[in-house]
Amino acid sequence: MNNQMNITKNAVVGIFDLISGFQKSKVLFTACEFGVFDILSSKYTKQQMTAEQLAEVMATDTDATERLLDACVSLGLLNKYVRDDEQATYSNTKLSAEYLSADKPTSLKGLALFANRTTWPLMTNLEHAVREGKDQRRRTFGVNSEKLYEKVYAEEQKTINFIGGMHGFAMLCAKSVARVFDLSEFKRVCDFGGGSGALANELSLIYPDMSISVLDLPPVVKVSKHFKPKDGIERNVDYIAGDFFKNDFPEADLYVFSLILHNWPEEKIHLLLEKTYKAVKPGGAILIAEHLYNDEKSGPSHAALRCMMMLAGTEGKERSGKEYKQLLELHGFTDVRVKMTGQSQDVILARRF
């Protein structure tokens, strides 16, 4: 009986966490929007600050700021020290200093801001997306999906913000994606929609003899210098301004699509795979990195949840490795290998013989 009660209690706690989980995200987003972690890591400020001091810098209400800081403490994002005079001070934890301070190369702050400003509003219209079976860009932002990137890339700072939002996540994923398969045989690589160049730069670091071109839209290429690695190591990476739907593909023996295909409906994926097969020479290959479902599409949860986000915000969806294998073989690719990494991105390698 006690065991059954514990199981029931744990299940209820799990459901409660699902119901209230959005509150944790919103606390994190709000702290990022006000620059809490940046202020506490700045060389121009003390490493520990009171709520009153932070409120003055952020131009926020002191009591509300203290509540926000305490919420961050409860989530393990800040340390709190209570002095003898009972006045508390706050500092970054190792986690927030490394991943939420904008000045760190591993920072995920841009991703958090993107989630708050783009993903959050879209997901509030998820009910409409499920009812209508289409994305909610127009309802949320007043723009259709096909015009999305025109609006995002209309101004240079907006472009930097958007690519920056993707960059931290791309940096974390690049290290594993680049190492799943031995790619040493490929000397000329084209990374489609490679944005900040995170994956391209990681590939160049692992394979110094590899020459990599990042093909992306002109506004993205224009701001790519903002994301150049600062470790002083030269990379064999260049950028090509273009549109992979409209332009001919650059010559390469490996074509890379990392978090690209999931953005598009089936007919556009067919177009890209057809163009890739025609462009790649015998012996060449295509590398795809995505959030893959298992073959039963019962998980993993990050793929299923990402698929709901794709429903709300794009024309695309997440697929299983089995589904991608079928698509690739339909266009002539063979020796399709699917690697479920257990991490944020899974990887597929297929060849043309």
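Predicted, not measured: the structure shown is a model, and the values here were computed from it.
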Atom [atom1] of [X] with >12 non-hydrogen neighbours under 6.0 angstrom:
| X | atom1 | answer |
| --- | --- | --- |
| Arg337 | CZ | yes |
| Asp248 | CG | no |
| Lys225 | NZ | yes |

Side chains of [X] and [Y] in contact at under 4.5 Å (non-hydrogen atoms):
| X | Y | value |
| --- | --- | --- |
| Asp346 | Lys339 | no |
| Thr118 | Phe162 | no |
| Val214 | Ile240 | no |
| Leu68 | Val27 | yes |
| Ile286 | Tyr277 | no |
| Ile288 | Gln345 | no |
| Asp253 | Val280 | no |
| Met309 | Thr119 | yes |

Check: [Y] main-chain N/O paired with [X] side-chain donor or acceptor under 3.5 Å:
| X | Y | result |
| --- | --- | --- |
| Asn294 | Lys297 | yes |
| Arg138 | Gln136 | no |
| Ser96 | Leu77 | yes |
| Ser213 | Asp238 | no |
| Arg188 | Ser211 | yes |
| Ser176 | Cys173 | yes |
| Glu323 | Ser320 | yes |
| Ser204 | Pro208 | no |
| Asn79 | Tyr90 | no |
| Lys317 | Leu311 | no |

Pair [X]-[Y], side-chain donor/acceptor within less than 3.5 Å:
| X | Y | value |
| --- | --- | --- |
| Ser107 | Asp103 | no |
| Ser91 | Gln48 | no |
| Asp38 | Ser101 | no |

Show the nearest heavy-atom pair for residues [X] and [Y], with the distance to one decimal.
| X | Y | answer |
| --- | --- | --- |
| Lys104 | Glu98 | CB-O, 3.5 Å |
| Arg83 | Thr89 | NH1-CG2, 3.3 Å |
| Ala112 | Phe29 | O-CD2, 3.5 Å |
| Phe181 | Ile348 | CE1-C, 4.2 Å |
| Gly313 | Leu122 | CA-CD1, 3.7 Å |
| Met49 | Ile39 | SD-CG2, 3.7 Å |

Gap between atom [atom2] of [Y] and atom [atom1] of [X] - 0.5 Å precision:
| X | Y | atom1 | atom2 | answer |
| --- | --- | --- | --- | --- |
| Asn92 | Ser41 | CG | OG | 5.5 Å |
| Thr50 | Glu66 | OG1 | CD | 9.0 Å |
| Phe192 | Phe244 | CZ | CZ | 8.0 Å |
| Asp209 | Phe186 | CG | CZ | 14.5 Å |
| Leu203 | Ser258 | CG | OG | 9.5 Å |
| Asp216 | Asp191 | CG | CG | 8.5 Å |

Inset, instruction - Please report the C-alpha distance between Asn125 and Thr140 in whole Å, then the side-chain angles of each, then the deciding distance to 0.1 Å, and finally whether the side-chain hydrogen bond (donor to acceptor under 3.5 Å, both in side chains) criterion is met. - result: CA-CA 7 Å; Asn125 286 315; Thr140 309; 2.9 Å; yes
Inset, instruction - With His262 as reference, evaluate His291, Arg306, Glu290 under the side-chain hydrogen bond (donor to acceptor under 3.5 Å, both in side chains) test and give the passing residue. - result: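 Answer to the side-chain hydrogen bond (donor to acceptor under 3.5 Å, both in side chains) test with His262 among His291, Arg306, Glu290: Glu290.
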Legend entry - side chain to side chain donor-acceptor pair (under 3.5 Å) contacts touching residues 12-33 (sequence neighbours left out):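 The answer is Lys26-Asn116, Glu33-Asn116, Glu33-Arg117.
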Inset, instruction - May I have the step-by-step check of side chain to side chain contact (heavy atoms under 4.5 Å, CB included) for Phe114 and Asn161, ending in yes or no? - result: CA-CA 8 Å; Phe114 176 79; Asn161 292 344; over 6 Å; no
Inset, instruction - Return the orientation label for the Phe249 and Tyr255 ring planes: parallel under 30°, perpendicular over 60°, tilted otherwise. - result: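 Phe249 vs Tyr255 ring planes: tilted.
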Inset, instruction - Determine, stepwise, if the pair Leu54 / Leu40 fulfils side chain to side chain contact (heavy atoms under 4.5 Å, CB included). - result: CA-CA 9 Å; Leu54 280 160; Leu40 288 172; 4.3 Å; yes
Legend entry - Those residues that, when tested against Lys175, pass salt bridge (Lys or Arg N to Asp or Glu O under 4.0 Å) (two or more places apart):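 Residues passing salt bridge (Lys or Arg N to Asp or Glu O under 4.0 Å) with Lys175: Glu202.
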Does the pair [X]/[Y] count as a salt bridge with the N-to-O cut at 4.0 Å?
| X | Y | answer |
| --- | --- | --- |
| Glu127 | Arg131 | no |
| Glu329 | Lys322 | no |
| Lys278 | Glu274 | yes |

Inset, instruction - Kindly indicate, with the supporting measurements, whether the criterion side chain to side chain contact (heavy atoms under 4.5 Å, CB included) is fulfilled by Trp120 and Phe22. - result: CA-CA 10 Å; Trp120 182 283; Phe22 73 94; 3.7 Å; yes
Inset, instruction - Kindly determine whether Leu100 and Leu95 satisfy side chain to side chain contact (heavy atoms under 4.5 Å, CB included), including the steps that lead there. - result: CA-CA 8 Å; Leu100 294 173; Leu95 183 71; over 6 Å; no
Inset, instruction - Please step through side-chain hydrogen bond (donor to acceptor under 3.5 Å, both in side chains) for the pair His270 and His331, ending with a clear verdict. - result: CA-CA 8 Å; His270 284 304; His331 288 276; 2.8 Å; yes
Legend entry - Over-ring placement of Lys268 relative to Phe245, 6.0 Å and 45° cut-offs: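 Checked: cation-pi criterion met.
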Inset, instruction - Output every pair passing ring pair (Phe, Tyr, Trp, His ring centres under 6.0 Å) with a member in residues 203-242, not counting sequence neighbours, ordered by first then second residue. - result: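 Every ring pair (Phe, Tyr, Trp, His ring centres under 6.0 Å) pair that includes a residue of residues 203-242, provided the two are not neighbours, is His167-Phe227.
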